[in-house]
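Structure record follows, encoded as C-alpha coordinates.
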Amino acid sequence: ARPGRRRASVYLAIALSGASALGAEVVWTRVLSLLLGATVYTFSILLAVFLTGIAFGSWAGSRAARGRNPAVALGLCQLALVAAIAWTALMLGRSVPFWPVNPLLSASPWLTFQIDLARALWSLLPATVLWGASFPLALGAAAAPGEDPSRLVGRIYAANTAGAIVGALAFSLVLIPWIGTQGAQRVLLVLAAAGAAVMLVPALRGAVSATGLGAAALATVLLVVWVAPVPAELIAYGRRIMVDSGRSDILYTGEGINSSIAISRAHDGAMQFHVSGKIEASTYPTDMRLQRLLGHMPALLHPNPRSVLIVGFGAGVTAGSFVTYPGIQRIAICEIEPLIPPTATRYFGAQNYEVMRDPRTQIFYDDARHFIRTTSEKFDIITSDPIHPWVKGSASLYSKEYFELVRRHLNPGGIVTQWVPLYETSAAAVQSEIATFAAVFPGATIWANELAGGGYDVFLMGENTPAPIDLDAVDARLHSPAYQRVARSLADIGVHSAADLFGVYAGRAQDLAPWLDHAEINRDANLRLQYLAGMAVNVHDRLGIFKQIISYRHFPADLFVGSPERVRELAAAIQKH
(Lines give C-alpha, C1' and ligand atoms only; values in the text may rest on other atoms or scores of the structure.)
Protein backbone atom coordinates (compact mmCIF):
# COMPACT_ATOMS: atom_id res chain seq x y z
CA ALA A 1 0.00 0.00 0.00
CA ARG A 2 2.89 2.38 0.64
CA PRO A 3 5.70 1.36 -1.70
CA GLY A 4 7.75 4.51 -1.04
CA ARG A 5 7.92 3.94 2.71
CA ARG A 6 8.45 0.22 2.22
CA ARG A 7 11.34 0.79 -0.13
CA ALA A 8 12.99 3.23 2.27
CA SER A 9 12.90 0.50 4.91
CA VAL A 10 14.40 -2.00 2.46
CA TYR A 11 17.17 0.41 1.45
CA LEU A 12 18.01 1.01 5.11
CA ALA A 13 17.93 -2.68 5.97
CA ILE A 14 20.20 -3.69 3.08
CA ALA A 15 22.57 -0.80 3.90
CA LEU A 16 22.80 -2.03 7.50
CA SER A 17 23.40 -5.55 6.15
CA GLY A 18 26.27 -4.28 3.98
CA ALA A 19 27.77 -2.36 6.90
CA SER A 20 27.68 -5.40 9.15
CA ALA A 21 29.04 -7.72 6.42
CA LEU A 22 32.12 -5.64 5.62
CA GLY A 23 32.58 -4.67 9.25
CA ALA A 24 32.53 -8.35 10.18
CA GLU A 25 35.03 -9.16 7.45
CA VAL A 26 37.40 -6.59 8.95
CA VAL A 27 36.92 -7.80 12.53
CA TRP A 28 36.99 -11.52 11.86
CA THR A 29 39.93 -11.31 9.48
CA ARG A 30 41.79 -9.43 12.20
CA VAL A 31 41.06 -12.19 14.73
CA LEU A 32 41.51 -15.19 12.47
CA SER A 33 44.77 -13.85 11.03
CA LEU A 34 46.13 -14.14 14.57
CA LEU A 35 45.10 -17.79 14.74
CA LEU A 36 46.01 -18.83 11.21
CA GLY A 37 48.94 -16.48 10.60
CA ALA A 38 48.56 -13.31 8.55
CA THR A 39 49.85 -14.78 5.28
CA VAL A 40 48.48 -14.08 1.82
CA TYR A 41 47.06 -17.61 1.94
CA THR A 42 45.10 -16.92 5.12
CA PHE A 43 43.51 -13.86 3.53
CA SER A 44 42.67 -15.95 0.46
CA ILE A 45 41.06 -18.66 2.61
CA LEU A 46 38.94 -16.15 4.52
CA LEU A 47 37.86 -14.39 1.33
CA ALA A 48 36.98 -17.75 -0.24
CA VAL A 49 34.79 -18.64 2.75
CA PHE A 50 33.02 -15.29 2.59
CA LEU A 51 32.38 -15.56 -1.15
CA THR A 52 31.25 -19.19 -0.90
CA GLY A 53 28.77 -18.34 1.83
CA ILE A 54 27.47 -15.30 -0.03
CA ALA A 55 27.05 -17.34 -3.23
CA PHE A 56 25.15 -20.13 -1.51
CA GLY A 57 23.06 -17.65 0.46
CA SER A 58 22.20 -15.72 -2.70
CA TRP A 59 21.01 -18.94 -4.35
CA ALA A 60 18.82 -19.79 -1.35
CA GLY A 61 17.61 -16.20 -0.90
CA SER A 62 16.54 -15.92 -4.54
CA ARG A 63 14.11 -18.78 -3.98
CA ALA A 64 12.85 -17.44 -0.68
CA ALA A 65 12.28 -14.02 -2.31
CA ARG A 66 9.53 -15.55 -4.49
CA GLY A 67 7.44 -16.29 -1.41
CA ARG A 68 4.33 -14.47 -0.26
CA ASN A 69 6.08 -11.90 1.95
CA PRO A 70 9.75 -11.28 1.10
CA ALA A 71 9.80 -8.21 3.38
CA VAL A 72 9.16 -10.40 6.42
CA ALA A 73 11.67 -12.94 5.09
CA LEU A 74 14.28 -10.18 4.86
CA GLY A 75 13.54 -9.16 8.43
CA LEU A 76 13.78 -12.73 9.68
CA CYS A 77 17.04 -13.15 7.78
CA GLN A 78 18.51 -10.17 9.65
CA LEU A 79 17.21 -11.58 12.91
CA ALA A 80 18.91 -14.89 12.15
CA LEU A 81 22.07 -12.89 11.48
CA VAL A 82 22.07 -11.85 15.12
CA ALA A 83 22.36 -15.49 16.13
CA ALA A 84 24.91 -16.23 13.40
CA ILE A 85 27.15 -13.32 14.44
CA ALA A 86 26.89 -14.48 18.05
CA TRP A 87 27.90 -17.97 16.89
CA THR A 88 31.05 -16.62 15.22
CA ALA A 89 31.90 -14.50 18.26
CA LEU A 90 31.55 -17.62 20.44
CA MET A 91 33.75 -19.69 18.14
CA LEU A 92 36.48 -17.04 17.88
CA GLY A 93 36.48 -16.13 21.55
CA ARG A 94 35.93 -19.41 23.37
CA SER A 95 36.26 -22.37 21.04
CA VAL A 96 38.37 -22.45 17.88
CA PRO A 97 41.61 -21.02 19.38
CA PHE A 98 41.52 -23.81 21.95
CA TRP A 99 40.86 -26.75 19.65
CA PRO A 100 43.33 -29.52 20.57
CA VAL A 101 45.01 -29.15 17.18
CA ASN A 102 48.67 -28.30 16.79
CA PRO A 103 49.03 -26.95 13.24
CA LEU A 104 52.81 -26.81 13.67
CA LEU A 105 53.16 -30.59 13.54
CA SER A 106 53.26 -30.63 9.75
CA ALA A 107 55.49 -28.56 7.48
CA SER A 108 53.19 -29.25 4.53
CA PRO A 109 51.29 -26.10 3.48
CA TRP A 110 48.62 -28.32 1.93
CA LEU A 111 47.78 -29.92 5.30
CA THR A 112 47.94 -26.54 7.01
CA PHE A 113 45.51 -25.05 4.47
CA GLN A 114 43.03 -27.89 5.13
CA ILE A 115 43.05 -27.23 8.88
CA ASP A 116 42.78 -23.48 8.38
CA LEU A 117 39.93 -23.85 5.88
CA ALA A 118 38.01 -26.13 8.25
CA ARG A 119 38.34 -23.64 11.12
CA ALA A 120 37.29 -20.73 8.91
CA LEU A 121 34.25 -22.57 7.52
CA TRP A 122 33.13 -23.66 10.98
CA SER A 123 33.37 -20.12 12.34
CA LEU A 124 32.22 -17.89 9.49
CA LEU A 125 29.94 -19.78 7.12
CA PRO A 126 26.52 -19.31 8.85
CA ALA A 127 26.72 -15.53 8.87
CA THR A 128 28.05 -15.29 5.30
CA VAL A 129 25.15 -17.42 4.01
CA LEU A 130 22.65 -15.03 5.60
CA TRP A 131 24.40 -11.96 4.18
CA GLY A 132 24.25 -13.60 0.77
CA ALA A 133 20.51 -14.24 1.18
CA SER A 134 19.85 -10.63 2.17
CA PHE A 135 20.39 -9.16 -1.29
CA PRO A 136 17.80 -11.18 -3.28
CA LEU A 137 15.37 -10.88 -0.37
CA ALA A 138 15.77 -7.09 -0.50
CA LEU A 139 15.07 -7.18 -4.25
CA GLY A 140 11.92 -9.19 -3.63
CA ALA A 141 10.80 -6.87 -0.84
CA ALA A 142 11.28 -3.70 -2.93
CA ALA A 143 10.02 -4.96 -6.32
CA ALA A 144 6.83 -3.59 -7.83
CA PRO A 145 4.86 -4.95 -10.84
CA GLY A 146 6.07 -3.58 -14.17
CA GLU A 147 9.16 -1.91 -12.71
CA ASP A 148 12.44 -1.69 -14.59
CA PRO A 149 14.50 -4.40 -12.87
CA SER A 150 17.86 -2.80 -13.72
CA ARG A 151 16.90 0.39 -11.89
CA LEU A 152 15.74 -1.61 -8.85
CA VAL A 153 18.90 -3.71 -8.77
CA GLY A 154 21.05 -0.60 -9.11
CA ARG A 155 19.36 1.14 -6.19
CA ILE A 156 19.52 -1.89 -3.89
CA TYR A 157 23.13 -2.48 -4.88
CA ALA A 158 23.99 1.19 -4.25
CA ALA A 159 22.44 1.10 -0.78
CA ASN A 160 24.25 -2.14 0.05
CA THR A 161 27.59 -0.83 -1.26
CA ALA A 162 27.25 2.48 0.58
CA GLY A 163 26.63 0.59 3.80
CA ALA A 164 29.58 -1.69 3.09
CA ILE A 165 31.93 1.26 2.57
CA VAL A 166 30.81 2.92 5.79
CA GLY A 167 31.14 -0.38 7.66
CA ALA A 168 34.63 -1.16 6.36
CA LEU A 169 35.96 2.30 7.20
CA ALA A 170 34.19 2.64 10.55
CA PHE A 171 35.25 -0.75 11.89
CA SER A 172 38.86 -0.63 10.67
CA LEU A 173 39.68 3.01 11.43
CA VAL A 174 37.45 3.84 14.39
CA LEU A 175 35.72 1.01 16.22
CA ILE A 176 38.52 -1.56 16.62
CA PRO A 177 41.07 0.99 17.90
CA TRP A 178 38.39 2.57 20.10
CA ILE A 179 36.50 -0.36 21.63
CA GLY A 180 38.44 -3.39 20.40
CA THR A 181 37.22 -6.44 18.52
CA GLN A 182 34.92 -7.43 21.39
CA GLY A 183 33.10 -4.10 21.25
CA ALA A 184 33.12 -4.17 17.45
CA GLN A 185 31.35 -7.56 17.44
CA ARG A 186 28.75 -6.15 19.81
CA VAL A 187 28.15 -3.36 17.29
CA LEU A 188 27.72 -6.02 14.59
CA LEU A 189 24.95 -7.61 16.65
CA VAL A 190 23.23 -4.26 17.09
CA LEU A 191 23.42 -3.53 13.34
CA ALA A 192 21.86 -6.88 12.48
CA ALA A 193 19.13 -6.38 15.09
CA ALA A 194 18.42 -2.88 13.74
CA GLY A 195 18.06 -4.28 10.22
CA ALA A 196 15.59 -6.86 11.51
CA ALA A 197 13.58 -4.22 13.38
CA VAL A 198 13.40 -1.95 10.34
CA MET A 199 11.66 -4.70 8.37
CA LEU A 200 9.68 -6.58 11.02
CA VAL A 201 8.18 -3.83 13.16
CA PRO A 202 6.07 -2.30 10.32
CA ALA A 203 5.17 -5.70 8.90
CA LEU A 204 4.12 -7.55 12.06
CA ARG A 205 1.34 -6.36 14.33
CA GLY A 206 -0.64 -7.84 17.15
CA ALA A 207 0.09 -9.03 20.66
CA VAL A 208 1.79 -12.25 19.57
CA SER A 209 4.06 -10.41 17.15
CA ALA A 210 4.89 -7.73 19.72
CA THR A 211 5.77 -10.42 22.25
CA GLY A 212 7.99 -12.16 19.71
CA LEU A 213 9.77 -8.93 18.80
CA GLY A 214 10.25 -8.11 22.48
CA ALA A 215 11.73 -11.54 23.10
CA ALA A 216 14.05 -11.09 20.11
CA ALA A 217 15.17 -7.71 21.41
CA LEU A 218 15.87 -9.15 24.86
CA ALA A 219 17.83 -12.03 23.33
CA THR A 220 19.90 -9.55 21.31
CA VAL A 221 20.75 -7.57 24.43
CA LEU A 222 21.83 -10.74 26.21
CA LEU A 223 23.99 -11.78 23.27
CA VAL A 224 25.60 -8.33 23.14
CA VAL A 225 26.56 -8.61 26.81
CA TRP A 226 27.71 -12.20 26.36
CA VAL A 227 30.26 -11.57 23.55
CA ALA A 228 33.72 -12.57 24.79
CA PRO A 229 36.94 -10.66 24.12
CA VAL A 230 39.70 -12.08 21.97
CA PRO A 231 41.72 -14.39 24.22
CA ALA A 232 44.87 -12.72 25.48
CA GLU A 233 46.79 -15.90 24.65
CA LEU A 234 45.70 -15.60 21.01
CA ILE A 235 46.97 -12.01 20.75
CA ALA A 236 50.27 -13.09 22.29
CA TYR A 237 50.93 -16.47 20.68
CA GLY A 238 48.79 -16.53 17.53
CA ARG A 239 49.32 -19.72 15.55
CA ARG A 240 51.42 -21.16 18.38
CA ILE A 241 48.72 -20.82 21.04
CA MET A 242 48.47 -24.58 21.65
CA VAL A 243 52.27 -24.83 21.96
CA ASP A 244 53.24 -21.71 23.91
CA SER A 245 50.17 -20.92 26.01
CA GLY A 246 51.02 -20.93 29.69
CA ARG A 247 54.74 -20.34 29.23
CA SER A 248 54.51 -16.72 30.35
CA ASP A 249 52.24 -14.34 32.23
CA ILE A 250 50.49 -11.85 29.95
CA LEU A 251 50.76 -8.39 31.46
CA TYR A 252 49.07 -6.30 28.77
CA THR A 253 47.04 -6.62 25.59
CA GLY A 254 45.87 -3.91 23.25
CA GLU A 255 44.22 -3.65 19.85
CA GLY A 256 45.44 -0.78 17.71
CA ILE A 257 44.42 0.51 14.33
CA ASN A 258 46.84 -1.81 12.50
CA SER A 259 48.01 -4.44 14.97
CA SER A 260 47.12 -6.25 18.16
CA ILE A 261 49.95 -6.27 20.71
CA ALA A 262 50.74 -7.98 23.99
CA ILE A 263 53.42 -7.82 26.67
CA SER A 264 54.30 -10.92 28.66
CA ARG A 265 56.78 -11.99 31.31
CA ALA A 266 58.24 -15.47 30.91
CA HIS A 267 58.52 -17.65 33.98
CA ASP A 268 62.29 -17.09 33.98
CA GLY A 269 61.70 -13.31 34.21
CA ALA A 270 62.36 -12.31 30.58
CA MET A 271 60.04 -9.70 29.08
CA GLN A 272 58.50 -10.40 25.67
CA PHE A 273 56.89 -8.07 23.16
CA HIS A 274 54.21 -9.62 20.92
CA VAL A 275 52.77 -8.14 17.71
CA SER A 276 49.85 -9.84 15.94
CA GLY A 277 50.47 -13.22 17.51
CA LYS A 278 54.27 -13.21 17.20
CA ILE A 279 57.09 -12.49 19.62
CA GLU A 280 58.89 -9.64 17.88
CA ALA A 281 61.30 -8.67 20.65
CA SER A 282 62.36 -9.79 24.11
CA THR A 283 65.00 -9.33 26.78
CA TYR A 284 66.47 -12.79 26.12
CA PRO A 285 70.21 -12.54 25.31
CA THR A 286 69.72 -13.78 21.74
CA ASP A 287 67.13 -11.14 20.93
CA MET A 288 68.93 -8.35 22.78
CA ARG A 289 72.13 -9.14 20.86
CA LEU A 290 70.42 -8.87 17.49
CA GLN A 291 68.43 -5.75 18.37
CA ARG A 292 71.49 -3.87 19.60
CA LEU A 293 73.86 -5.05 16.87
CA LEU A 294 71.44 -3.72 14.24
CA GLY A 295 72.17 -0.26 15.63
CA HIS A 296 75.66 -0.47 17.11
CA MET A 297 77.47 -2.09 14.20
CA PRO A 298 76.64 0.59 11.58
CA ALA A 299 77.08 3.36 14.16
CA LEU A 300 80.59 2.18 15.02
CA LEU A 301 81.56 1.70 11.39
CA HIS A 302 80.34 5.09 10.20
CA PRO A 303 83.06 7.71 10.76
CA ASN A 304 80.68 10.38 12.10
CA PRO A 305 77.00 9.36 12.30
CA ARG A 306 74.65 12.25 12.96
CA SER A 307 71.23 11.21 11.66
CA VAL A 308 69.57 7.79 11.73
CA LEU A 309 66.28 6.32 10.56
CA ILE A 310 64.81 3.24 12.23
CA VAL A 311 62.06 1.33 10.41
CA GLY A 312 59.81 -0.25 13.03
CA PHE A 313 59.87 0.70 16.72
CA GLY A 314 59.33 -2.79 18.17
CA ALA A 315 60.56 -2.81 21.76
CA GLY A 316 62.67 0.25 20.92
CA VAL A 317 65.97 -1.51 21.67
CA THR A 318 67.53 -0.91 18.23
CA ALA A 319 66.45 2.72 18.22
CA GLY A 320 67.64 3.10 21.80
CA SER A 321 71.13 1.93 20.83
CA PHE A 322 71.66 5.26 19.07
CA VAL A 323 70.82 7.22 22.23
CA THR A 324 74.24 6.24 23.59
CA TYR A 325 76.18 7.95 20.78
CA PRO A 326 77.33 11.50 21.55
CA GLY A 327 77.45 12.56 17.90
CA ILE A 328 73.91 11.51 17.00
CA GLN A 329 71.74 14.60 16.52
CA ARG A 330 68.58 13.12 15.02
CA ILE A 331 66.77 9.81 15.58
CA ALA A 332 63.82 9.38 13.20
CA ILE A 333 61.57 6.37 13.73
CA CYS A 334 58.86 5.07 11.39
CA GLU A 335 56.14 3.06 13.11
CA ILE A 336 52.79 2.22 11.54
CA GLU A 337 51.02 1.29 14.81
CA PRO A 338 50.59 4.25 17.24
CA LEU A 339 49.94 1.90 20.16
CA ILE A 340 53.44 0.39 20.08
CA PRO A 341 55.90 3.16 21.14
CA PRO A 342 54.19 4.19 24.39
CA THR A 343 53.50 0.59 25.38
CA ALA A 344 57.05 -0.54 24.61
CA THR A 345 58.43 2.44 26.52
CA ARG A 346 56.36 1.48 29.54
CA TYR A 347 57.72 -2.08 29.68
CA PHE A 348 61.12 -1.84 27.94
CA GLY A 349 62.25 1.65 28.93
CA ALA A 350 65.36 0.34 30.70
CA GLN A 351 66.44 -1.64 27.64
CA ASN A 352 65.69 1.08 25.07
CA TYR A 353 67.09 3.96 27.13
CA GLU A 354 63.74 5.78 26.99
CA VAL A 355 64.36 6.57 23.33
CA MET A 356 60.79 7.75 22.81
CA ARG A 357 61.41 10.60 25.30
CA ASP A 358 64.87 11.53 24.03
CA PRO A 359 64.85 15.11 22.66
CA ARG A 360 66.64 13.93 19.51
CA THR A 361 63.85 11.47 18.67
CA GLN A 362 60.97 12.11 16.29
CA ILE A 363 58.44 9.35 15.62
CA PHE A 364 56.52 9.28 12.35
CA TYR A 365 53.35 7.18 12.54
CA ASP A 366 53.43 6.24 8.91
CA ASP A 367 54.15 3.43 6.53
CA ALA A 368 57.93 3.33 6.05
CA ARG A 369 57.66 3.13 2.27
CA HIS A 370 55.47 6.21 2.18
CA PHE A 371 57.69 8.14 4.57
CA ILE A 372 60.94 7.40 2.75
CA ARG A 373 59.41 8.08 -0.66
CA THR A 374 57.95 11.45 0.35
CA THR A 375 60.73 12.86 2.54
CA SER A 376 63.61 14.86 1.11
CA GLU A 377 65.75 14.05 4.13
CA LYS A 378 68.80 11.81 3.92
CA PHE A 379 70.37 9.80 6.71
CA ASP A 380 73.77 8.47 7.70
CA ILE A 381 72.26 5.17 8.90
CA ILE A 382 69.00 3.41 8.06
CA THR A 383 68.19 0.23 9.95
CA SER A 384 65.15 -1.92 9.31
CA ASP A 385 63.68 -4.64 11.53
CA PRO A 386 60.21 -5.25 10.05
CA ILE A 387 57.79 -8.02 10.87
CA HIS A 388 58.33 -11.46 9.29
CA PRO A 389 58.27 -11.53 5.47
CA TRP A 390 55.47 -14.11 5.45
CA VAL A 391 53.09 -11.53 6.94
CA LYS A 392 50.96 -10.12 4.14
CA GLY A 393 52.29 -6.74 3.01
CA SER A 394 55.66 -6.89 4.77
CA ALA A 395 57.39 -8.12 1.61
CA SER A 396 57.26 -4.52 0.38
CA LEU A 397 60.01 -3.80 2.95
CA TYR A 398 62.21 -6.47 1.35
CA SER A 399 61.78 -5.52 -2.31
CA LYS A 400 64.44 -4.31 -4.76
CA GLU A 401 62.58 -1.04 -5.26
CA TYR A 402 62.46 -0.46 -1.51
CA PHE A 403 66.19 -1.02 -1.12
CA GLU A 404 66.84 1.34 -4.05
CA LEU A 405 64.67 3.91 -2.31
CA VAL A 406 66.66 3.42 0.90
CA ARG A 407 69.97 3.80 -0.92
CA ARG A 408 68.86 7.09 -2.46
CA HIS A 409 68.15 8.41 1.04
CA LEU A 410 71.61 7.62 2.43
CA ASN A 411 74.18 10.35 2.79
CA PRO A 412 77.63 9.71 1.25
CA GLY A 413 79.24 6.92 3.26
CA GLY A 414 75.82 5.89 4.60
CA ILE A 415 75.11 2.40 5.93
CA VAL A 416 71.91 0.30 5.98
CA THR A 417 71.15 -2.83 8.02
CA GLN A 418 68.27 -5.23 7.36
CA TRP A 419 66.98 -8.11 9.51
CA VAL A 420 66.46 -11.55 7.91
CA PRO A 421 64.93 -14.44 9.91
CA LEU A 422 66.13 -18.02 9.45
CA TYR A 423 63.27 -19.59 11.41
CA GLU A 424 59.70 -20.10 10.17
CA THR A 425 61.01 -19.77 6.65
CA SER A 426 62.63 -21.70 3.82
CA ALA A 427 65.99 -21.59 2.10
CA ALA A 428 64.27 -20.22 -1.04
CA ALA A 429 62.82 -17.29 0.93
CA VAL A 430 66.16 -16.47 2.57
CA GLN A 431 67.91 -16.69 -0.80
CA SER A 432 65.36 -14.26 -2.22
CA GLU A 433 65.93 -11.78 0.63
CA ILE A 434 69.72 -11.85 0.38
CA ALA A 435 69.79 -11.79 -3.43
CA THR A 436 67.36 -8.86 -3.57
CA PHE A 437 69.39 -6.85 -1.05
CA ALA A 438 72.66 -7.67 -2.85
CA ALA A 439 71.19 -6.54 -6.17
CA VAL A 440 71.15 -3.01 -4.73
CA PHE A 441 74.14 -3.28 -2.37
CA PRO A 442 76.64 -5.53 -4.22
CA GLY A 443 79.15 -5.40 -1.35
CA ALA A 444 76.59 -6.61 1.19
CA THR A 445 77.82 -8.54 4.20
CA ILE A 446 75.93 -11.06 6.35
CA TRP A 447 76.13 -11.16 10.14
CA ALA A 448 74.83 -14.02 12.25
CA ASN A 449 72.87 -14.17 15.47
CA GLU A 450 73.36 -17.48 17.18
CA LEU A 451 71.16 -19.65 19.36
CA ALA A 452 72.52 -22.85 20.89
CA GLY A 453 75.48 -22.90 18.51
CA GLY A 454 73.48 -22.44 15.32
CA GLY A 455 71.99 -19.65 13.27
CA TYR A 456 68.77 -18.11 14.59
CA ASP A 457 68.53 -15.08 12.35
CA VAL A 458 70.95 -12.82 10.48
CA PHE A 459 71.14 -9.23 9.40
CA LEU A 460 72.49 -7.76 6.19
CA MET A 461 74.65 -4.66 5.97
CA GLY A 462 75.13 -2.53 2.88
CA GLU A 463 77.02 0.69 2.24
CA ASN A 464 76.89 3.47 -0.31
CA THR A 465 80.64 3.32 -0.69
CA PRO A 466 81.97 0.04 0.76
CA ALA A 467 85.21 0.41 2.71
CA PRO A 468 87.42 -1.94 4.75
CA ILE A 469 86.55 -2.34 8.44
CA ASP A 470 89.31 -0.82 10.59
CA LEU A 471 89.48 -2.97 13.73
CA ASP A 472 91.93 -0.63 15.48
CA ALA A 473 89.65 2.39 14.96
CA VAL A 474 86.62 0.53 16.31
CA ASP A 475 88.53 -0.64 19.41
CA ALA A 476 89.80 2.89 19.96
CA ARG A 477 86.24 4.18 19.91
CA LEU A 478 85.02 1.54 22.33
CA HIS A 479 87.71 2.48 24.84
CA SER A 480 87.38 6.25 24.51
CA PRO A 481 85.71 8.23 27.35
CA ALA A 482 83.09 9.66 24.97
CA TYR A 483 81.90 6.14 24.13
CA GLN A 484 81.48 4.82 27.68
CA ARG A 485 77.71 4.44 27.31
CA VAL A 486 78.20 2.65 23.99
CA ALA A 487 80.70 0.27 25.61
CA ARG A 488 78.31 -0.47 28.49
CA SER A 489 75.44 -1.10 26.07
CA LEU A 490 77.56 -3.58 24.12
CA ALA A 491 78.93 -5.19 27.28
CA ASP A 492 75.34 -6.03 28.24
CA ILE A 493 75.22 -8.37 25.21
CA GLY A 494 78.71 -9.81 25.70
CA VAL A 495 80.60 -7.57 23.27
CA HIS A 496 83.81 -6.07 24.70
CA SER A 497 86.03 -5.61 21.66
CA ALA A 498 86.08 -5.36 17.88
CA ALA A 499 86.71 -9.11 17.72
CA ASP A 500 83.55 -9.78 19.73
CA LEU A 501 81.58 -7.36 17.56
CA PHE A 502 82.66 -8.64 14.15
CA GLY A 503 83.15 -12.25 15.16
CA VAL A 504 79.58 -12.91 14.04
CA TYR A 505 80.65 -12.42 10.41
CA ALA A 506 78.82 -15.00 8.27
CA GLY A 507 79.93 -14.11 4.77
CA ARG A 508 79.52 -11.76 1.83
CA ALA A 509 76.81 -11.84 -0.78
CA GLN A 510 79.41 -12.08 -3.54
CA ASP A 511 80.79 -15.28 -1.95
CA LEU A 512 77.26 -16.71 -1.92
CA ALA A 513 76.82 -16.20 -5.66
CA PRO A 514 76.51 -19.95 -6.46
CA TRP A 515 73.90 -20.35 -3.70
CA LEU A 516 71.96 -17.29 -4.88
CA ASP A 517 72.21 -18.09 -8.58
CA HIS A 518 68.54 -19.02 -9.07
CA ALA A 519 67.06 -16.93 -6.26
CA GLU A 520 63.86 -15.00 -6.91
CA ILE A 521 64.32 -11.22 -6.86
CA ASN A 522 61.48 -9.75 -4.83
CA ARG A 523 59.97 -6.80 -6.73
CA ASP A 524 57.09 -4.46 -6.06
CA ALA A 525 55.38 -5.76 -9.19
CA ASN A 526 54.96 -9.26 -7.78
CA LEU A 527 56.06 -9.28 -4.09
CA ARG A 528 57.14 -12.84 -4.74
CA LEU A 529 58.70 -13.14 -1.28
CA GLN A 530 55.41 -13.15 0.62
CA TYR A 531 54.25 -16.17 -1.40
CA LEU A 532 57.53 -18.03 -0.87
CA ALA A 533 57.70 -17.24 2.83
CA GLY A 534 53.97 -17.87 3.35
CA MET A 535 54.47 -21.48 2.27
CA ALA A 536 57.07 -22.05 4.97
CA VAL A 537 55.55 -20.76 8.22
CA ASN A 538 55.73 -24.29 9.68
CA VAL A 539 59.22 -25.03 8.39
CA HIS A 540 61.91 -25.27 11.08
CA ASP A 541 65.20 -25.47 9.20
CA ARG A 542 67.18 -22.58 10.64
CA LEU A 543 70.19 -24.79 11.33
CA GLY A 544 70.21 -26.19 7.81
CA ILE A 545 69.85 -22.75 6.21
CA PHE A 546 72.62 -21.34 8.39
CA LYS A 547 74.97 -24.21 7.49
CA GLN A 548 74.33 -23.54 3.80
CA ILE A 549 75.24 -19.87 4.27
CA ILE A 550 78.46 -20.39 6.25
CA SER A 551 79.63 -23.19 3.95
CA TYR A 552 80.64 -20.37 1.57
CA ARG A 553 82.32 -18.28 4.28
CA HIS A 554 86.04 -17.65 4.33
CA PHE A 555 88.06 -15.03 6.13
CA PRO A 556 88.13 -11.93 3.89
CA ALA A 557 91.56 -10.37 4.25
CA ASP A 558 90.46 -7.39 2.15
CA LEU A 559 87.45 -6.61 4.39
CA PHE A 560 89.13 -6.39 7.81
CA VAL A 561 92.24 -4.32 8.38
CA GLY A 562 94.21 -3.52 11.54
CA SER A 563 97.13 -4.67 13.60
CA PRO A 564 98.15 -8.30 13.03
CA GLU A 565 97.19 -9.15 16.61
CA ARG A 566 93.64 -7.83 16.21
CA VAL A 567 93.20 -9.49 12.82
CA ARG A 568 94.27 -12.85 14.29
CA GLU A 569 91.95 -12.34 17.24
CA LEU A 570 89.04 -11.65 14.88
CA ALA A 571 89.84 -14.67 12.70
CA ALA A 572 89.75 -16.87 15.79
CA ALA A 573 86.42 -15.35 16.88
CA ILE A 574 84.89 -15.92 13.45
CA GLN A 575 86.10 -19.52 13.44
CA LYS A 576 84.58 -20.03 16.91
CA HIS A 577 81.19 -18.81 15.71
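For the residue pair T112 / N538, a side-chain donor-acceptor distance below 3.5 Å is found, with atom types taken as modelled. Of the N and O atoms on the side chains of N522 and S432, not one donor lies less than 3.5 Å from an acceptor on the other residue.
Within a 6.0 Å sphere centred on CZ of R63, other residues, nucleotides and ligands contribute more than 12 heavy atoms. The neighbour count for F56 CZ, taken as heavy atoms of other residues, nucleotides or ligands under 6.0 Å away, does not exceed 12. In W226, the CH2 atom is crowded: over 12 heavy atoms of neighbouring residues, nucleotides or ligands sit closer than 6.0 Å. Counting non-hydrogen atoms of other residues, nucleotides and ligands closer than 6.0 Å to CZ of R407 gives a total above 12. Residue-environment remark: NE2 (H370) stays at or below the threshold of 12 foreign heavy atoms within 6.0 Å. For W99, the CH2 atom sits in a packed shell: over 12 heavy atoms of surrounding residues, nucleotides or ligands are nearer than 6.0 Å.
Contact of the T39 side chain with the V391 side chain is not registered, since no non-hydrogen atoms from C-beta on lie closer than 4.5 Å. The side-chain heavy atoms of Y41 and V537, taken from C-beta on, include no pair separated by under 4.5 Å.
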Going through the checks in order, is the side chain to side chain donor-acceptor pair (under 3.5 Å) test met by E255 and T181? CA-CA 8 Å; E255 294 176 307; T181 52; 2.6 Å; yes
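Residue pairs meeting the ring pair (Phe, Tyr, Trp, His ring centres under 6.0 Å) criterion with at least one member in residues 228-262, sequence neighbours excluded, are Y237-H274.
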Sequence neighbours left out, cut at 3.5 Å: what donor-acceptor pairs do the side chains of residues 421-430 make with other protein atoms?
{"unit_1": "Y423", "atom_1": "OH", "unit_2": "H388", "atom_2": "NE2", "d": "3.3"}
{"unit_1": "E424", "atom_1": "OE1", "unit_2": "K278", "atom_2": "NZ", "d": "2.7"}
{"unit_1": "S426", "atom_1": "OG", "unit_2": "A429", "atom_2": "N", "d": "3.3"}

Please report, to 0.1 Å, the donor-acceptor pairs under 3.5 Å made by any side chain of residues 129-136, with sequence neighbours excluded.
{"unit_1": "W131", "atom_1": "NE1", "unit_2": "S17", "atom_2": "O", "d": "3.4"}
{"unit_1": "W131", "atom_1": "NE1", "unit_2": "S20", "atom_2": "OG", "d": "2.9"}
{"unit_1": "S134", "atom_1": "OG", "unit_2": "Q78", "atom_2": "NE2", "d": "2.8"}
{"unit_1": "S134", "atom_1": "OG", "unit_2": "L130", "atom_2": "O", "d": "2.9"}

